[in-house]
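Scroll down for the structure; my scribbles are underneath it.
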There are 2 protein chains.
Amino acid sequence: MKTPTIRDVAQRAKVSLKTVSRVINNEPSVRANTRERVQRAIETLGYLPDLSARSLRSATSYALGVVYDNPNAYYVISVQNGVLSACREQGFGLQIHPCDSSSPRLAEELRDLVRRSRLAGLVVAPPMSERMELVRYLAANKIPFVRILSAAEDPADGYPCVYVDDRDAAYEITEHLIQLGHQRIGFLWGGVSHRSSPERFKGYESALKDYGIPLDKKLVIPGDYSFDDGFRGARRLFALRDRPTAIFGSNDEIAAGVLAAAKSCGIDVPYELSIAGFEDSPFSKQSWPALTTAKQNTEEIARHAALRLIAELRPPGDAIAAAYAKNEGFSPQLVIRDSTARARLPAAD
Amino acid sequence: MKTPTIRDVAQRAKVSLKTVSRVINNEPSVRANTRERVQRAIETLGYLPDLSARSLRSATSYALGVVYDNPNAYYVISVQNGVLSACREQGFGLQIHPCDSSSPRLAEELRDLVRRSRLAGLVVAPPMSERMELVRYLAANKIPFVRILSAAEDPADGYPCVYVDDRDAAYEITEHLIQLGHQRIGFLWGGVSHRSSPERFKGYESALKDYGIPLDKKLVIPGDYSFDDGFRGARRLFALRDRPTAIFGSNDEIAAGVLAAAKSCGIDVPYELSIAGFEDSPFSKQSWPALTTAKQNTEEIARHAALRLIAELRPPGDAIAAAYAKNEGFSPQLVIRDSTARARLPAAD
DNA sequence: ACTTTTGTTGACAACGTTGTCAATCAATGG
DNA sequence: CCATTGATTGACAACGTTGTCAACAAAAGT
C-alpha cells in the first residue's frame, strides 16, 4: 500500500530502473514492445514520478516561480492563472511568491527562493520587472526569468520579456473621449513605481497633441492605483473653476473612485461627466454605469510569459523554444461601455 | 561559485556532515562551541538547505497545498495570503491548486498532487471541504488536511476544520434590516454547491421568525454567487406587485448586481431600497453607496486553518500542536455602511 | 564471413540531505 | 584510579531519481 516507486515498476515490467526512467522521460531508444510493457506496469501500479527526487538528481527542475507585489486581486489571480495554465500544460509546478517590491533585500530573497526550492526560473511581474538592478542581479546569478512589463516596443535590452503597450491603449482611450467631443479631459495618474503609469500618461498626452488640444496641467493629478486616490483626485478636479467633462483614470480602481466621487457630488455619469478606466477588471463591468476601459488580457499575457520562460529553458531547436523564442508585445483593446458619452454641448451648460 | 551544500559547510567548519545537519535542524547534543562555528560557516557561505533533498530523505515534508475552486478573486487571494503567512512563519512552502470541484476525478487528482510534490498536507476551501466523500477519501489515504467550512458549530465529525458561522452573521444582517423598519426583505440565494448558501438563508429565515415577520416565498430567489444573478434576481423582485424595501444578497457580488439593477431602474439606494451584502470584499467599500455587509476575515481564517494543519503534523506536545489542536469557529461581523437606511414610512409611498 | 554502426539495455554512481548506529569524549560515581 | 554514564560526534546507508558508460544485440557495410 506504499506509494509505488520506479523500482516497483521496473520489477513488475521486468526491466531495469533506467529503462523505466527512459519511458517516463520519453527518451528514444526504447523498443515499442518494452515501452508498452512499462507503460502498463505504470498504469496498474498508479506510479507517479517523485518531483523531489527528480529535481534533486537532474540539473533541470520542474517548477517555476511567479513573483508579484500588487494589491489588485484580479490582476494577481489573472497572472497566476495564466502562468498556471502554461505550467500544467508543460508539466511544471508553480510556486507563488508575493513580495515587497521596496525591500532592499529583495534580490537576495529571490535568489534564495530559487535555490531552496530549485526553481527552474521566475516570471516577474511589475513593478519588480522594471527595476533594472534587480534584473541584472538575476541575470548575473544565472537565474532564468521572464519579465512582464509596460513598453511601447521591445526594450531589446537582451533580457527576455513580454511587453504590454499601455501607451497605445491609453492613446485610444483618450482619442475615444476626444471623438465624443470632450476637450477638457482630466487625467489621474497611477503609482509612479509602476512603469505603466508614465506610459499611460504619454498616451494621453500624445492623443491630446495629435488632436490639437493643449495640455492643461491643472487637469493632471498625481496619485496611486487606488480607489481612494481616484476619489480624492476627482474631487479636486470637480473643484476647478472650469471643470473637465471627462476623466481618464489610470486603472479601473481609480475610475471606480471617480465614479463614487461623481455620485457623491450628484454629478450624472455619463451625461455630465464621462469616465474611462484601464484594465477591464470584473469591477468595470459590475459598476453602474459599466466602465469604458482598455481590456488587458492579463491571463493570456502571463501565460505567454510562462511559455517564453519555458522556451528559454529548453534546448534550442525544441518546438516550444522555437515558438516562444522572441519577446512578444500585447496591446490592450478599447472596450466601450456606458460610462462615456458625447459631451453635452457647451450651449447646454 | 556553485551554490554551497552542507558538505562545503562541514569542510569549512571542520565537522562532519551530520553535525551540520544537526545544527540546521536545531537538534540538541551539539556543543555551543561547535554550533557557533557551524553557524558562522553557514553565514559566510550563504548556505541554504535544499528542500528537494530534505523532503526526499526525511519522511516529513516542507510544503502545504491549498485547494480551492472559487471565481471570487478577493476570496482566493485572501485565502492564499492567510495560508502563506502561516507557511512562511513555520518554514513551509506553499503549492496552490485551483481545481474543478465538479470533476469526478478530483479525489485522485488531489492524492496525486500530494504524492508527486510530497506535500505535508492540504488546506481545503469550500466547496470541496464540504463534500464528505472527498473528505473521507483524503482521510482513508492518510493525507493530512484541514477544512474551511460553513457551520454554526463544530461539526465534530472527527476531521479537523475551521468553521465560519454564516448563519449567525446572516441573522445579524437581517436583524439590522428589520430594526431599520423593513418588513418586506428580499433574499437572493448563493450557489447551492456551497454550504454557506443554505446557512445564510437559515440566518435570514430565523431572524424573520424571531421578529414575527412571515416568510414570503416570492421574496426568496435562487441563484448563484454572481453579479449577474444579483442583477436578474433584483429585477424579478422589482417586478413584484408588492416590492421589497430591502434586499439581502448572499454575497457582495450579488449585492453589487442588485445595486446596478436598482440604478438601472432609477430606484434610489438606500432611501427607496436598502441593500446588504456579505463578505466585505473591497468591492463593497468601493461601490456607491458603500455596501452594508458582514465582514469575514478570510485571511485570518485561512491562516488559522494552515496553523491548525501544521499542528496536526507536529508531534503531540509541541507548542503549535497544543495551541491549534482544536477546531475553531469564526463569526463574521456586521459592517454598517451607506446602502441600508430606515425604511420610508408606508404613508410616504 | 567479419567488422562497423546503430539501437537497446542495465550496472553503478551521484544529487543533497537525514536516520541509524557505533565511536569517542568528558564527567560522574565508586 | 577505573568503571559507568551521558553527551557529542562521525561513518555509512538510504531516500527516488537520472547521468554516464559499458555491454550486448541486431542491422548494415565490406
Side-chain angles (χ1 to χ4, degrees), chain A residues 2-39 41-42 45-63 91 93 112 114-120 315, chain B residues 2-39 41-42 45-63 91 93 112 114-120 315:
Chain A
K2 292 264 304 165
T3 81
T5 76
I6 207 173
R7 172 178 236 98
D8 303 315
V9 176
Q11 240 158 40
R12 188 166 233 280
K14 301 213 198 298
V15 292
S16 74
L17 298 186
K18 184 63 212 193
T19 301
V20 178
S21 169
R22 276 190 264 261
V23 172
I24 295 166
N25 294 291
N26 259 313
E27 288 174 33
S29 305
V30 178
R31 232 181 343 207
N33 186 353
T34 317
R35 182 175 301 254
E36 202 183 318
R37 202 144 37 95
V38 174
Q39 291 282 20
I42 288 177
L45 290 176
Y47 165 78
L48 292 168
D50 181 313
L51 292 182
S52 294
R54 234 144 110 111
S55 63
L56 173 60
R57 186 54 179 94
S58 58
T60 63
S61 118
Y62 298 89
D112 291 354
V114 170
R115 285 198 185 163
R116 285 176 59 94
S117 301
R118 288 184 175 262
L119 300 182
Chain B
K2 292 263 305 164
T3 80
T5 74
I6 206 172
R7 172 178 237 100
D8 303 315
V9 176
Q11 239 157 41
R12 187 166 233 282
K14 301 213 197 298
V15 293
S16 73
L17 299 186
K18 184 61 211 192
T19 301
V20 178
S21 170
R22 275 190 264 261
V23 172
I24 296 166
N25 294 291
N26 260 315
E27 287 174 31
S29 304
V30 178
R31 230 177 349 202
N33 185 352
T34 317
R35 181 175 302 255
E36 203 184 315
R37 203 147 34 95
V38 173
Q39 291 282 20
I42 288 178
L45 291 176
Y47 165 78
L48 292 167
D50 181 311
L51 292 182
S52 294
R54 233 145 110 112
S55 64
L56 174 60
R57 186 53 178 95
S58 58
T60 62
S61 118
Y62 297 90
D112 292 353
V114 170
R115 284 196 186 166
R116 284 177 59 95
S117 301
R118 287 183 176 264
L119 300 181

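First the proteins, then the strands, lettered A, B, ... as listed; each starts at 1. What you see is a predicted model; the values in this text were computed from it and never measured.
- Across all strands shown, B:Arg116 has no heavy atoms under 4.0 Å from either base or sugar-phosphate atoms.
- Separation of atoms CD1 (A:Ile42) and CG (A:Leu48) is listed at 9.5 Å; rounding is to 0.5 Å.
- Checked by atom type, the side-chain pair A:Ser52/B:Ser52 shows no donor-acceptor distance below 3.5 Å.
- Rounded to whole Å, the distance from CG on A:Asn25 to P on D:dT18 is 5 Å.
- Residue contacts shown for A:Arg35 are absent, as no nucleic acid heavy atom lies under 4.0 Å away.
- Of all heavy-atom pairs between B:Arg22 and B:Ser29, the closest is CD-O, 4.3 Å.
- One atom, NZ of A:Lys18, and another, C1' of C:dA13, lie 12 Å apart when rounded to the nearest Å.
- In this structure, A:Arg116 does not pair ionically with B:Asp50, as no charged nitrogen and carboxylate oxygen lie closer than 4.0 Å.
- Residue A:Ile6 contributes atom CD1, which lies 5 Å from atom P of D:dT18 at whole-angstrom precision.
- Closest approach of B:Tyr47 and B:Ile6 over heavy atoms only: CE1-N, 3.4 Å.
- Within the structure, a side-chain polar atom (N or O) of B:Ser21 is placed less than 4.0 Å from OP1 or OP2 of C:dT18.
- As a whole-Å value, the separation of A:Arg7 CZ from D:dA14 P is 10 Å.
- For B:Glu27 and D:dG6, the CD to C1' distance is 17 Å, given to the nearest whole Å.
- Here D:dT18 presents its C1' atom at 12 Å from CZ of A:Arg118, a figure rounded to the nearest Å.
- With rounding to whole Å, A:Asp8 atom CG is found 9 Å from D:dG16 atom P.
- Heavy atoms of A:Thr5 sit under 4.0 angstrom from primed sugar atoms or phosphate atoms, though from no base atom.
- Atom CD1 in A:Ile24 sits roughly 10 Å away from atom C1' in D:dG16 (whole-Å rounding).
- Contact annotation: A:Arg22 side-chain N/O to D:dT18 OP1/OP2 distance is not under 4.0 Å.
- Of the residues in residues 45-57 of chain A, those lying under 4.0 Å from DNA chain C by heavy-atom distance are A:Leu56, A:Arg57.
- Residues B:Arg35 and B:Val30 share a closest heavy-atom pair of NH2-CB, 3.4 Å.
- A close approach under 4.0 Å does occur between a side-chain nitrogen or oxygen of A:Thr34 and OP1 or OP2 of C:dT9.
- With sequence neighbours left out, B:Ser58 forms a side chain to side chain donor-acceptor pair (under 3.5 Å) with no residue at all.
- A sub-4.0 Å separation between OP1 or OP2 of C:dG10 and a side-chain N or O of A:Ser16 is present.
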